[in-house]
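One-based numbering along the sequence shown.
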Amino acid sequence: MTSSEIQAFITVYECRNITEAAKRLFITQSTLSTKIRKLEETVGTKLFQRGKGRRVLIPTYKGEMFYDLALRYRAIEEKMLHLGDDAIRESLRVATVNSIGTYLMTPVYERFTSEYPDIALELVDANTDQFSSKDDFEGTDLGLYMGNISTPEVRSFPFLSEPMLFLCNKNSFYPATVQVEDLDSGDEVYIDWTQEFYWWHRSKFTRSARYVFSIMNQLEYFLMYENRWALVPSTAAYNLTKNEEIVTRNISFEVPPRVTSCIYLRQTEKEDMIRCFLECMRETIRDMGCEVEFL
């Protein structure tokens, strides 16, 4: 297993396409395919699903697990390479679930790096169940996720509560105030925002949604169609409604809010940096004017 094979896997995972990944790595498609095949032989399992004529590569379950390990591997390798660098800056590595990272973290990153130019900030994707013990924090300083973790080694606390808003295409037939009876799950663009949202949804709709996603950037595309609808947290709605084709409607029913929690090691040496980062998040969200509650 080589560093180049690890980087090849990460690039293919993030591009979901051999052609695009090969372009980013400046190598041929055949060379890239060979690297992935050798890596799979080394770890003893398939990392991507393959099929004749399939253009999009979908990670297997083991591939999803390997991606998290590959990111940690790359972070550790970078630290090893810079051990002798006297000019290395302080750093803060923040792991966020995809639903937070896609619609919120970019402006937070811009504010933080502007206010604290001497701190190197790295944002990475995380699974909701990534942080369950001290060992899971290898290379990570702060986690932002949905859930509740309580151990002697880590500190976990709710940070932000957001109401869920109703979004649809502006040409849809939905009334100014939408009731549950107005909604067809066959037109829903659904994302598992939280466990509470999942169980609430099951109690309200007898049919499963037709469009179910875990990749946030697909949400905007599917909301461009008439009568498609989605329930999304207010910070995501803020960004999605920048597209003039997507609008909000009032709802007559209550939906569990999305609660974002923070987690970090109790014995961390970076608690001051973490507090500064969270304050930048608060300031950014306040500037957005979203309806939220800081906990």
Side-chain angles (χ1 to χ4, degrees), residues 16 56 58 64 96-107 125-129 144-148 158-261 285-286 288-295:
R16 296 293 203 271
V56 177
I58 305 299
E64 294 285 359
T96 68
V97 293
N98 185 256
S99 60
I100 299 174
T102 300
Y103 294 118
L104 179 57
M105 298 316 296
T106 298
D125 283 336
N127 293 326
T128 54
D129 59 352
L144 298 170
Y145 70 108
M146 285 79 198
N148 183 30
F159 174 73
L160 174 70
S161 177
E162 305 175 61
M164 302 294 287
L165 304 183
F166 180 90
L167 296 187
C168 63
N169 181 276
K170 68 178 183 180
N171 296 317
S172 300
F173 60 71
Y174 300 109
T177 299
V178 179
Q179 302 182 40
V180 170
E181 294 76 15
D182 297 324
L183 300 177
D184 182 350
S185 56
D187 293 320
E188 182 181 11
V189 185
Y190 176 85
I191 290 174
D192 266 339
W193 298 106
T194 64
Q195 279 293 312
E196 291 77 12
F197 179 74
Y198 168 80
W199 288 112
W200 173 87
H201 192 276
R202 287 196 61 178
S203 72
K204 297 295 182 181
F205 300 97
T206 56
R207 288 197 304 161
S208 299
R210 184 183 302 172
Y211 310 98
V212 179
F213 298 113
S214 59
I215 301 175
M216 300 298 111
N217 57 19
Q218 294 176 337
L219 189 55
E220 180 176 357
Y221 174 83
F222 279 87
L223 283 173
M224 292 294 289
Y225 291 88
E226 287 186 25
N227 301 327
R228 300 275 173 81
W229 62 275
L231 290 165
V232 306
S234 61
T235 54
Y238 171 84
N239 287 280
L240 288 165
T241 53
K242 289 179 180 178
N243 183 332
E244 295 181 354
E245 297 296 313
I246 300 174
V247 296
T248 62
R249 294 280 189 270
N250 295 323
I251 53 177
S252 64
F253 49 91
E254 292 187 5
V255 184
R258 179 177 75 168
V259 176
T260 299
S261 295
I285 295 170
R286 290 190 188 107
M288 292 164 63
C290 297
E291 181 186 351
V292 302
E293 179 183 1
F294 294 104
L295 304 173

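- For the pair Ser185 and Trp229, the tightest heavy-atom approach, listed with the atom from each and the gap, is CA-CZ2, 4.3 Å.
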Check against side-chain contact (heavy atoms from CB on, under 4.5 Å), Val255 and Lys204: CA-CA 10 Å; Val255 184; Lys204 297 295 182 181; over 6 Å; no

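- The aromatic ring centres of Phe197 and Tyr190 sit less than 6.0 Å apart.
- Relative orientation of the Trp200 and Phe205 rings is perpendicular, given thresholds of 30° and 60° on the angle between their planes.
- Taken from OG1 in Thr177 to CZ in Phe253, the straight-line distance is 10.5 Å, to the nearest 0.5 Å.
- Once rounded to the nearest 0.5 Å, the distance linking CG of Asp182 with OG of Ser252 reads 7.5 Å.
- For the pair Arg16 and Glu64, the tightest heavy-atom approach, listed with the atom from each and the gap, is NH2-OE2, 4.3 Å.
- Across every non-hydrogen atom of Pro233 and Glu162, the tightest pair is CB-OE1, 3.4 Å.
- The structure places CH2 of Trp193 at 10.0 Å from CG of Leu231, a figure rounded to the nearest 0.5 Å.
- Applying the 6.0 Å contact sphere to CD of Glu226 captures more than 12 heavy atoms from other residues, nucleotides or ligands.
- A 4.5 Å side-chain heavy-atom check between Asn243 and Met224 finds at least one atom pair inside the cut-off.
- Considering all non-hydrogen atoms of both residues, Glu291 and Pro163 come closest at O-CD, 2.7 Å.
- Using a 4.5 Å heavy-atom threshold, the side chains of Thr260 and Tyr145 count as separate.
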CA sep, side-chain torsions, deciding dist, call: Ile191, Val232, side-chain contact (heavy atoms from CB on, under 4.5 Å): CA-CA 8 Å; Ile191 290 174; Val232 306; over 6 Å; no

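- Note that CE of Met105 and OG1 of Thr235 are 10.5 Å apart. Values are rounded to the nearest 0.5 Å.
- Expressed to the nearest 0.5 Å, how far CG of Asp187 lies from OH of Tyr225 amounts to 13.0 Å.
- Contact of the Ile251 side chain with the Met164 side chain is not registered, since no non-hydrogen atoms from C-beta on lie closer than 4.5 Å.
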Derivation and outcome, side-chain contact (heavy atoms from CB on, under 4.5 Å), residues Thr248 and Phe166: CA-CA 6 Å; Thr248 62; Phe166 180 90; over 6 Å; no

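- To the nearest 0.5 angstrom, Leu167 atom CG is 6.0 Å from Leu240 atom CG.
- Scanning all heavy atoms of the two residues, the minimum distance from Lys170 to Glu244 falls at CD-O, 3.6 Å.
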Glu245 and Leu223: CA distance, side-chain angles, deciding distance, side-chain contact (heavy atoms from CB on, under 4.5 Å) verdict: CA-CA 8 Å; Glu245 297 296 313; Leu223 283 173; over 6 Å; no

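- Between the Asn227 side chain and the Ser172 main chain, no donor and acceptor come within less than 3.5 Å of each other.
- In terms of heavy atoms, Pro158 sits closest to Ser261 at CA-OG, 3.7 Å.
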